[in-house]
Amino acid sequence: MAKRKRCTVEEFATIKRIQYDETTQCVKLSNMTEIVKSWIVRGEVSSVSSLRLCTIGKAQKSVLNFELRDDTGVVRATAYGKTADRIHDKLQNGMNMQINNFKIKAVNPAFNSTGNDYEIEVDERTLIRELIGCPATGGEKKTVHFTEFHDIQSTTDTAINVIGVIKRVGDIKEIPTQSSGKILLKRDVTLMDDKKNTCVVTMWNDDAKDWIYVPRDIITISGAGVNEFCGFYSVKLYRTFVVVKDAVNEKSVMLKGLLDELMPESQ
DNA sequence: CCCCCCCC
């Protein structure tokens, strides 16, 4: 394996933009096992998590997740520390990226909802570049799989993606915990699908406080967990979740068309 | 290197 080089200072200051080059050999996102031969992937940014502070070893470090998609699949990537700080507000959905010199690791399906068997780890030698001049063609981009509300019960150990119309946004509730006496903030949001099935999504703390979406919004939630209580299943949000309003996918468009039928405005 | 989100 070739020795990998550190980023230059200039590359750390921003995401460098480079011209699309069709002769660059890239691995398709669904073929990540072949990555050892190439170490380059290309894809469109389809999801960016919030930047969160995690304790890693003894240090506090930023952690950021984002997802790329191409015509074959979706891959989740993780960046840490200064790299995460540097790129988190520069990554935009729809940007075409090229990533060189990353690490690859097997996913933990409890935290990865892409359907890919592998994910990308960005380190200090990884080059993340915005590709300009990408050809418009190249086939339909893959999207992640949405779990139907009635299938949520079979996915308790797996991160999932859900989509629906917001039927109801609950108030914030203060929940005292038995163990630590800490007060938790909680908010429940009810989603409705195209068949008027519903599903409750629970947000905690800052995510509960900062919730901005309202009834009749069509949202997709990626990277959610499944919660079970007394045989009742609901969706809970991990810190890495991403909510997108009016996401560009077939289901979102379909729900938009059914909106007045599902959720009349007079209600 | 994260990976956790907690209550009835």
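In what follows, chains carry the letters A, B, and so on, assigned in the order in which the sequence lines appear, proteins first and then strands, with residues in each chain numbered from 1.
- With hydrogens and angles ignored, no donor-acceptor pair closer than 3.5 Å exists between the side chain of A/E124 and the base of B/dC1.
- In this entry the distance linking NZ of A/K236 with C1' of B/dC6 reads 9 Å, nearest Å.
- Distance A/K173 NZ to B/dC8 P: 13 Å, rounded to the nearest Å.
- For the residue pair A/T126 and A/N101, no side-chain donor N or O sits within less than 3.5 Å of a side-chain acceptor on the partner.
- Salt bridge status for A/R69 with A/E44: present, with a side-chain N to carboxylate O gap under 4.0 Å.
- Below the 3.5 angstrom threshold, one finds a donor paired with an acceptor across the side chain of A/T240 and the base of B/dC4.
- Rounded to an integer number of Å, the gap from A/N112 CG to B/dC4 P is 15 Å.
- Taking atom CG of A/N65 as the reference point, atom C1' of B/dC3 lies 9 Å away to the nearest angstrom.
- B/dC6 atom C1' lies 13 Å from atom CG of A/D207, rounded to whole Å.
- The 5' end of DNA chain B is approached more closely, in terms of each residue's nearest nucleotide, by A/F241 than by the other of A/T202 and A/F241.
- If you check distances only, the side chain of A/E174 never reaches the base of B/dC7 with a donor-acceptor pair under 3.5 Å.
- Between the P atom of B/dC2 and the NE2 atom of A/H88 lies a distance of 20 Å, rounded to the nearest Å.
- In this structure a side-chain-to-backbone donor-acceptor pair under 3.5 Å is missing from A/D71 to A/K141.
- A salt bridge between A/D207 and A/R187 is absent, with no side-chain N of the basic residue lying under 4.0 Å from a carboxylate O of the acidic one.
- The distance from atom CZ of A/R52 to atom C1' of B/dC3 is 8 Å, rounded to the nearest whole Å.
- Whole-Å rounding puts the A/E121 CD to B/dC1 P distance at 4 Å.
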